[in-house]
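Below: one structure, written as structure tokens.
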Number of protein chains: 2
Amino acid sequence: MEHVHHNCLYTMTAQQKKARRQQQKEDTRRIILDAAYVLFAENGYAQTTMRKLASRAGVGLGTIFKHFQNKPSLLVAAYQEDLGKIVVDAFKSLPEAGIKKQLLHITERIYGFYATDPSFSRNLIKEALFLKGEHGEILDNQLMLFLKEIAELFKKAVENGELPVDTNVHKGALAFGAFYFSGLIMGLKQTTFNTEERLDFVGTMIDHHFFTKNR
Amino acid sequence: MEHVHHNCLYTMTAQQKKARRQQQKEDTRRIILDAAYVLFAENGYAQTTMRKLASRAGVGLGTIFKHFQNKPSLLVAAYQEDLGKIVVDAFKSLPEAGIKKQLLHITERIYGFYATDPSFSRNLIKEALFLKGEHGEILDNQLMLFLKEIAELFKKAVENGELPVDTNVHKGALAFGAFYFSGLIMGLKQTTFNTEERLDFVGTMIDHHFFTKNR
DNA sequence: TTCCATTAGCGAACATGTTCACCATAGCTG
DNA sequence: CAGCTATGGTGAACATGTTCGCTAATGGAA
């Protein structure tokens, strides 16, 4: 990443000039974010002091707060890209057959991420849960998109004839979301995340909710 | 509440003497807890500093930490009695007919509590979610008891013939728990808790999970 | 080019949760 | 009663997230 040199200013177009400062800001933001990602992973959330982070990123303490409202926002920002990629990957590698298999596939991928470091994941979930401000809204949007994608899977399952035609795909997605989220929280409450067990729970719930004939 | 006077020591039985110091400790704990309850309710969680609380309770700053591990524990301790009462009341005033009605009744009572001050409730849930230490375990036990009670309701519904005999009451309770919890979180994510809407969600989910004939 | 407004960058200062060494007393032991 | 131990009570000290006024440089305006 090569910075435009100061002397060249007069050769730049207006747009280039306009973009330069903004670009520099974006760069330092990136530096902070990357340093945060590493430090959080290496030393955990609480142990990663804003001062240590500033030092590691090579910026001033106050600079961090010019880019992120507070520590929780920074935590969420540092890991939402990762999580986003995992979700995208999960949807790309979807099994062809069966809505249940598909849902469990996605669940497994995401649980896998949280399972690698439960203690850290607890902090992440805790801080992300009711996060306010810019990053909170980003999270909400991602959640909304996620549910929309899930609903899409349900829609296809209905078209396949796997689910009855009167299925409300939106409600279906919400039900799955409830199972997924509860399973996640239950798993994280234990010291080690038992993915097997949690997947079994979600699978059972899906079975009962979507594939059981009652009375 | 009248304290035993120092001079009377020699007239006390061994047990009374033994109990005295412990009793005094319990008393100051109570004083702190009550002051915390009031201050949290009046000024909110973040605005209630440990110093203000110490001042209000008439104890030293350090004293608080002889009774509670940290601020989140104090928050949870201050409100888990309230919540416990609400749950007990909800079970006492249970409608006779219909498991769905019963579940929604309980849900409504609890949501009602959280709805009165969503901002505060967000803090409470956030801090209680993965709370460690003594108070975390108490919470877990209460949750377990709650689920057991719910399972009991399911069992009765099975005996009534309202639900099929092969119903797994434990799984049923967990499913309800997932709906209840998700509904709570969704509701609290909004600035004002729309109890009506959330109850509708939980009701719909219960209907679909327990009373829908699929295919 | 020169001037001006905006803002990224910065760290001292502040607020607050938490720790800890110390004190006083309860309550046991002889 | 006399001495000892354990511990409730205490606030100074500390660590850390966050704020805020300052500086310098960017980039637009005259």
Side-chain angles (χ1 to χ4, degrees), chain A residues 3-32 35-36 39-40 43-55 57-75 123 127 132-133, chain B residues 3-32 36 39-40 43-75 123 127 132-133:
Chain A
H3 285 226
V4 178
H5 193 279
H6 178 265
N7 298 352
C8 304
L9 254 186
Y10 67 100
T11 63
M12 297 165 66
T13 68
Q15 187 168 7
Q16 281 176 327
K17 280 160 71 175
K18 173 75 176 290
R20 209 182 60 147
R21 193 171 194 196
Q22 188 180 339
Q23 182 59 44
Q24 278 193 358
K25 180 172 184 183
E26 195 56 40
D27 287 350
T28 65
R29 181 195 154 93
R30 195 73 243 171
I31 288 172
I32 294 170
L39 287 187
F40 283 149
N43 309 329
Y45 181 63
Q47 285 68 36
T48 301
T49 302
M50 298 305 267
R51 285 168 181 79
K52 287 183 196 167
L53 173 57
S55 168
V59 302
L61 177 60
T63 303
I64 300 178
F65 291 92
K66 275 285 201 292
H67 295 267
F68 302 94
Q69 290 192 331
N70 46 35
K71 203 186 176 189
S73 291
L74 181 55
L75 173 68
N123 280 313
E127 299 303 342
K132 290 298 174 196
Chain B
H3 286 226
V4 178
H5 193 279
H6 178 266
N7 297 353
C8 304
L9 254 185
Y10 69 99
T11 64
M12 298 165 65
T13 69
Q15 186 168 8
Q16 280 176 327
K17 278 160 73 176
K18 173 75 176 289
R20 210 181 60 145
R21 196 171 191 197
Q22 188 180 340
Q23 182 59 45
Q24 278 192 358
K25 181 172 184 182
E26 193 56 40
D27 287 351
T28 64
R29 181 196 154 93
R30 194 74 242 169
I31 288 172
I32 294 170
L39 286 187
F40 283 148
N43 308 330
Y45 181 63
Q47 285 68 35
T48 301
T49 69
M50 300 304 265
R51 284 168 182 78
K52 285 184 197 167
L53 173 56
S55 168
R56 172 71 159 253
V59 302
L61 176 59
T63 304
I64 300 178
F65 291 92
K66 276 285 201 291
H67 295 267
F68 301 94
Q69 289 192 331
N70 45 35
K71 204 185 174 189
S73 289
L74 181 55
L75 173 68
N123 280 314
E127 300 302 343
K132 290 298 175 196

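First the proteins, then the strands, lettered A, B, ... as listed; each starts at 1.
- C/dA21 atom P lies 17 Å from atom CZ of B/Phe65, rounded to whole Å.
- For the pair A/Asn70 CG and C/dT16 P, the computed distance is 17 Å after rounding to whole Å.
- In this entry the distance linking CZ of B/Phe68 with P of C/dT19 reads 15 Å, nearest Å.
- None of A/Leu53, A/Asn70, A/Thr28 except one satisfies the side-chain contact (heavy atoms from CB on, under 4.5 Å) rule with A/Ile64; the exception is A/Leu53.
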Under 4.0 Å protein heavy-atom contacts per nucleotide of nucleotides 7-13 of chain C, with B for base, S for backbone only and - for none: BBBBBBB

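- What you find for B/Phe40 and B/Leu75 is that their closest heavy atoms are CE1-CA, 3.7 Å.
- Proximity of B/Thr49 to the phosphate of C/dT16: no side-chain N or O atom is located under 4.0 Å from OP1 or OP2.
- Under the 3.5 Å distance criterion, the side-chain polar atoms of B/Thr48 are matched with a main-chain donor or acceptor of B/Leu39.
- B/Thr49 places a side-chain N or O within donor-acceptor distance of the main-chain N or O of B/Lys52, the cut-off being under 3.5 Å.
- Within the 4.5 Å cutoff, side-chain heavy atoms of A/Pro72 are placed close to those of A/Tyr45.
- In terms of position along DNA chain D, the nucleotide closest to B/Ile64 lies nearer the 5' end than the nucleotide closest to the other residue of the pair A/Gln69 and B/Ile64.
- Considering only heavy atoms from C-beta on, A/Leu74 comes within 4.5 Å of A/Met50 through its side chain.
- Note: NZ (A/Lys71) to C1' (D/dA15) measures 11 Å, nearest angstrom.
- One can place CD of B/Gln23 at 20 Å from P of C/dT25, the figure rounded to the nearest angstrom.
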